[in-house]
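In what follows, chains carry the letters A, B, and so on, assigned in the order in which the sequence lines appear, proteins first and then strands, with residues in each chain numbered from 1.
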Amino acid sequence: MLNSLSLASPLHHLPSKKLKPSIDTNNKVQTTPSIVHHFTSPFELKQAIAFLIKTNIPLSLLPLPRIASVCALTPYFPFAQQIFDSVNEQELSVWNSCLRKFAETPCSAADVMFLFQQMRSYNVGVDCFTCSFVLKACVELRDVSCARIVHALIEKLGYQSNLVLVNALIHLYAICGVMGDAVLLFDKMPQRDVVSWNVMITQLAKEGDVDEAFELFGRMKERNLRSWTAMITGLVHCGKAKEAVRLFVEMEETGLKANEVTVVAVLAACADLGALELGRRIHEYSDESGFKRNVHVCNTLIDMYIKSGCLEAAKVLFEELKDRTIVSWSAMIQGLAIHGQADEALELFNEMIRMGVKPNEVTFLGILHACSHMGMIKEGREFFASMSRDYNISPQIEHYGCMVDLLSRAGLLQDAYELITRMPIKPNAVIWGSFLGGCRIRKDVEMAEEAMRHLGVLDPLNDGYYIIMSNIYAEAKRWEDAARVRKLMKDRGVKKTPGLSTITIAQATHEFVAGDDNHPQADKIFKRWDKLLEQMRSKGYVPNTSLVVLDIEENEKERYLYRHSEKLALVFGLMNTKAGETIRIMKNLRVCEDCHAAFKVISEIVKREIVVRDRNRFHCFKDGFCSCKDYW
DNA sequence: ATAGGGTTAG
């Protein structure tokens, strides 16, 4: 190939390098045909060269970068080399600029790799720039074996102390999932810069090793905004939203100003915590800083307002957002779903389709979620069928989870069971857990026992399942079985998660645990409750003591019920906020049935909106009704 | 020439 190519090349006609000038003595500019500059194939390149030779124009007028890019990925590679040689050009720099161009072009990583291979096989020496472009392509391709080749090359060429290259290598190893190699490299670096540390922090946190990341963060002598942002993002990612917020405040104290990425991270933390006040503050800051048009920021803001119970604020932002992405739509649909506005969620989905936006698997999760929370069985089934049929999205375990939940909640246990046994993915604890919840509604002890058999294997340390099962027995008056489940739980060392509710007033978060008598305002709270209870009774409230599965006196049961954490938080909130103000409560578990009934009545008595975020969704109590329409 | 961000079941 090479020989025939050389023979075919017009170059050997050339007395290379001794060429006449292209401008003649009369100062007339000789016009060159556009092919000399705009050839797009090696064939046209040859034609251009032939023309130059015929008209005695020097070859050095040829655009070398163009030659490089036209020949780079073809067998004409050595032909290009000959041209570079004939015009006395450093070929490495030409190939490098070609590599750079590929490296900057999206989806051209494979081209970078191929050109690199060509360079190696035609003995072009490489330098640190070559390495950096190739490393970038390796990142895109997650090509760890090429990473090792470049690594060896870097050592061979003596670039071990080139921070840019070594940092890129560390990043590459980490992103390819070989964190050990990354750590090894990082540890033996004689000196590091802030990028080295930031890369490690980011990747360690991504792997879930947030403690190790934090340890490195603590050891840094010099931190920049990206260091703080990486650490805050990592903490949020690992479910440590409180710590993330703490670190953000600390960062502000150093005088550093958050950028868009920092804002996204801290807003995500607010969303997790339902920290509305901080979220609003960040929103203001973000607007002041001109981040309004950043779609990442907007999407996270929408999510923050949704998860903080301000659906209206989220809607306004969503309406104002002009460049919505699928993430914006999905977040909003999911938001409407957890706020019990299923009709609006479906409407929004239709609007999205009308606008030509393609749903993804997350969008369908939101839609199915909406259906399951509102008992829309027909619609849910149709959407589930539609996702693979019309949009070519195959359902994942989460989608099956939604469907099992939809059917189980609606009491269609047989259908749910059939789906579980026939689904192509092995059902997990969430699936059986949803089913178990349905068994409780249907009071189906046998089916519940079947679910428990699976749960005992899949998630034996989760207290929730034991509690539901023992409640199911208790409601069937099978006290011994109920006690047996409680004992089994105890024997396995599973502790019951205590109910915990929080309410934030004037930037202070107050925590209430079920049965808590030790709160500083406990006496006042109980007194206020007794007063409220009188009014509630006159409105027809009857305590649902059947929910207390302890073998105790009836009035003792009532006492238990009245010490539920959400009730304590609510009364505290009523005592410490102005009349008419909305009260927002967060609970770590699902809201209890009796509390739900009580809150409806209370919302009417005190003429307040009460917004409760439980572990699944929102309940917005107003004028004696709840936004969940008592289906949850 | 090297580091970063949004939606996800019970």
Undergrad: Near DNA chain B, under 4.0 Å by heavy atom, which residues of residues 393-410 of chain A?
TA: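 A:Ile397, A:Glu398, A:Gly401, A:Cys402, A:Asp405, A:Arg409, in order of number.
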Undergrad: Answer with base, sugar-phosphate or nothing: what part of the nucleic acid does A:Asp127 contact at a heavy-atom distance below 4.0 Å?
TA: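 Since no nucleic acid heavy atom lies under 4.0 Å of A:Asp127, the category is nothing.
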Undergrad: Kindly say whether A:Ile282 contributes a backbone atom to a donor-acceptor pair with the side chain of A:Ser286 at under 3.5 angstrom?
TA: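 No; judged by distance alone, with no hydrogens or angles, the pair does not exist.
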Undergrad: State which residues pass ring pair (Phe, Tyr, Trp, His ring centres under 6.0 Å) with A:Phe129; sequence neighbours excluded, sorted by chain then number.
TA: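 Scan of A:Phe129 (ring pair (Phe, Tyr, Trp, His ring centres under 6.0 Å), adjacent residues dropped) gives none.
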Undergrad: Is there a donor N/O on one and an acceptor N/O on the other, under 3.5 Å, for the side chain of A:Asn259 and the base of B:dG5?
TA: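 Counting by modelled atom types and ignoring angles, no donor-acceptor contact under 3.5 Å is found here.
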Undergrad: Which side-chain hydrogen bond (donor to acceptor under 3.5 Å, both in side chains) pairs, counting each pair once, include a residue from residues 178-192 of chain A, with sequence neighbours left out?
TA: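 Sorted pair list: A:Arg148-A:Asp181.
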Undergrad: Report yes if a donor N or O on one partner sits less than 3.5 Å from an acceptor N or O on the other, where the partners are the side chain of A:Asn198 and the base of B:dG4; otherwise report no.
TA: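 In this structure, the two groups form no donor-acceptor pair.
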Undergrad: Assess the side chains of A:Thr130 and A:Asp127: does a donor N or O sit below 3.5 Å from an acceptor N or O?
TA: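 Yes, because at least one side-chain N or O of A:Thr130 sits under 3.5 Å from a partner of the opposite role on A:Asp127.
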Undergrad: Check whether the side chain of A:Asn162 and the base of B:dA1 form a donor-acceptor pair under 3.5 Å.
TA: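 Yes.
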Undergrad: Mind listing the residues from residues 301-316 of chain A sitting with a heavy atom below 4.0 Å of DNA chain B? Number order is fine.
TA: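 Here the set is A:Asp303, A:Lys307.
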Undergrad: Within the 3.5 Å criterion, strictly below it, is a donor on A:Ser388 or A:Ser394 matched to an acceptor on the partner's side chain?
TA: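 There is no such pair (donor and acceptor under 3.5 Å, judged by atom type) between the side chains of A:Ser388 and A:Ser394.
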Undergrad: A:Asn360 has an atom CG; how far is it from atom P of B:dA9, in whole Å?
TA: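 Taking CG of A:Asn360 and P of B:dA9, I get 13 Å after rounding.
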Undergrad: Which pairs would a plain distance check flag for residues 396-404 of chain A, meaning a side-chain donor or acceptor within less than 3.5 Å of a matching protein atom at least two apart in sequence or in another chain?
TA:
unit_1	atom_1	unit_2	atom_2	d
A:His399	ND1	A:Gln396	N	2.9
A:His399	NE2	A:Glu361	O	2.8

Undergrad: Remember a base hit wins even if backbone is also touched, and classify A:Asn224 as base, sugar-phosphate or nothing at under 4.0 Å, heavy atoms.
TA: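 Answer is base: heavy atoms of A:Asn224 come under 4.0 Å of a base.
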Undergrad: If you draw a 6.0 Å radius around CD in A:Glu222, do more than 12 non-hydrogen atoms from other residues or ligands fall strictly inside?
TA: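 Result for CD/A:Glu222: open.
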Undergrad: What residues from residues 365-373 of chain A pass a heavy-atom cutoff of under 4.0 Å to DNA chain B?
TA: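 Those residues whose heavy atoms fall under 4.0 Å from DNA chain B, taken from residues 365-373 of chain A in numerical order, are A:Leu365, A:His369, A:His373.
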Undergrad: Could I get the full list of salt bridge (Lys or Arg N to Asp or Glu O under 4.0 Å) partners for A:Glu207, not counting sequence neighbours?
TA: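 Here no residue qualifies.
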Undergrad: Of all residues at least two apart in sequence or in a different chain, which pass the salt bridge (Lys or Arg N to Asp or Glu O under 4.0 Å) check with A:Glu260?
TA: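 Not a single residue meets the salt bridge (Lys or Arg N to Asp or Glu O under 4.0 Å) criterion with A:Glu260.
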Undergrad: Can a donor-acceptor pair be found between the side chains of A:Tyr417 and A:Glu450 at a distance below 3.5 Å?
TA: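 Note: A:Tyr417 and A:Glu450 side chains meet the donor-acceptor criterion.
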Undergrad: What I want to find out is whether A:Arg440 reaches A:Glu475 closely enough, with some N-O distance under 4.0 Å, to be called a salt bridge.
TA: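 Counted as a salt bridge, because a side-chain N and a carboxylate O are separated by less than 4.0 Å.
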Undergrad: B:dG4, B:dT8, B:dA1: which one has an atom nearest the side-chain heavy atoms of A:Thr229?
TA: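 For A:Thr229, the side-chain atoms sit closest to B:dG4.
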Undergrad: Going by salt bridge (Lys or Arg N to Asp or Glu O under 4.0 Å), name the residues that satisfy it together with A:Glu319, two or more places apart in sequence or in a different chain.
TA: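 Salt bridge (Lys or Arg N to Asp or Glu O under 4.0 Å) check on A:Glu319 returns A:Arg324.
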Undergrad: Using the six-membered ring wherever Trp is involved, compare the ring planes of A:His339 and A:Phe618 and label them parallel, tilted or perpendicular (cut-offs 30° and 60°).
TA: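 Plane angle under 30°, so parallel.
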Undergrad: If the plane angle is over 60° it's perpendicular, under 30° parallel, otherwise tilted; pick one for A:His373 and A:His369.
TA: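 Rings of A:His373 and A:His369: tilted, 30 to 60°.
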Undergrad: Hey, does the side chain of A:Lys101 come within less than 4.0 Å of B:dA1's phosphate (OP1/OP2), counting only N and O?
TA: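 Checking B:dA1 against A:Lys101, no side-chain N or O comes under 4.0 Å of OP1 or OP2.
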Undergrad: A cation-pi test, strictly: NZ or CZ of A:Arg223 under 6.0 Å from the centre of the six-membered ring of A:Trp228 and no more than 45 degrees from its axis. Yes or no?
TA: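 So A:Arg223 does make the cation-pi contact.
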Undergrad: Need one value for A:Thr202: base, sugar-phosphate or nothing, where a base atom within 4.0 Å counts as base even if backbone is also close, heavy atoms only.
TA: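 Answer is sugar-phosphate: A:Thr202 comes under 4.0 Å of backbone atoms only.
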Undergrad: For A:Val430, which contact category applies under a 4.0 Å heavy-atom criterion: base, sugar-phosphate, or nothing?
TA: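 The residue A:Val430 makes base contact.
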Undergrad: Identify, residue by residue, the members of residues 262-274 of chain A with a heavy atom below 4.0 Å from DNA chain B, and return them in order of residue number, or none.
TA: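 Under 4.0 Å from DNA chain B: A:Val264.
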Undergrad: Among residues 166-193 of chain A, which residues get a heavy atom nearer than 4.0 Å to DNA chain B?
TA: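 Result for residues 166-193 of chain A: A:Asn167, A:His171, sorted by number.
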Undergrad: Who are the salt bridge (Lys or Arg N to Asp or Glu O under 4.0 Å) partners of A:Glu382, not counting sequence neighbours?
TA: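 With neighbours one apart ignored, the set is A:Arg389.
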Undergrad: How would you label the contact of A:Ser196 with the nucleic acid (heavy atoms, under 4.0 Å): base, sugar-phosphate, or nothing?
TA: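 The answer is nothing, as A:Ser196 stays clear of every strand by at least 4.0 Å.
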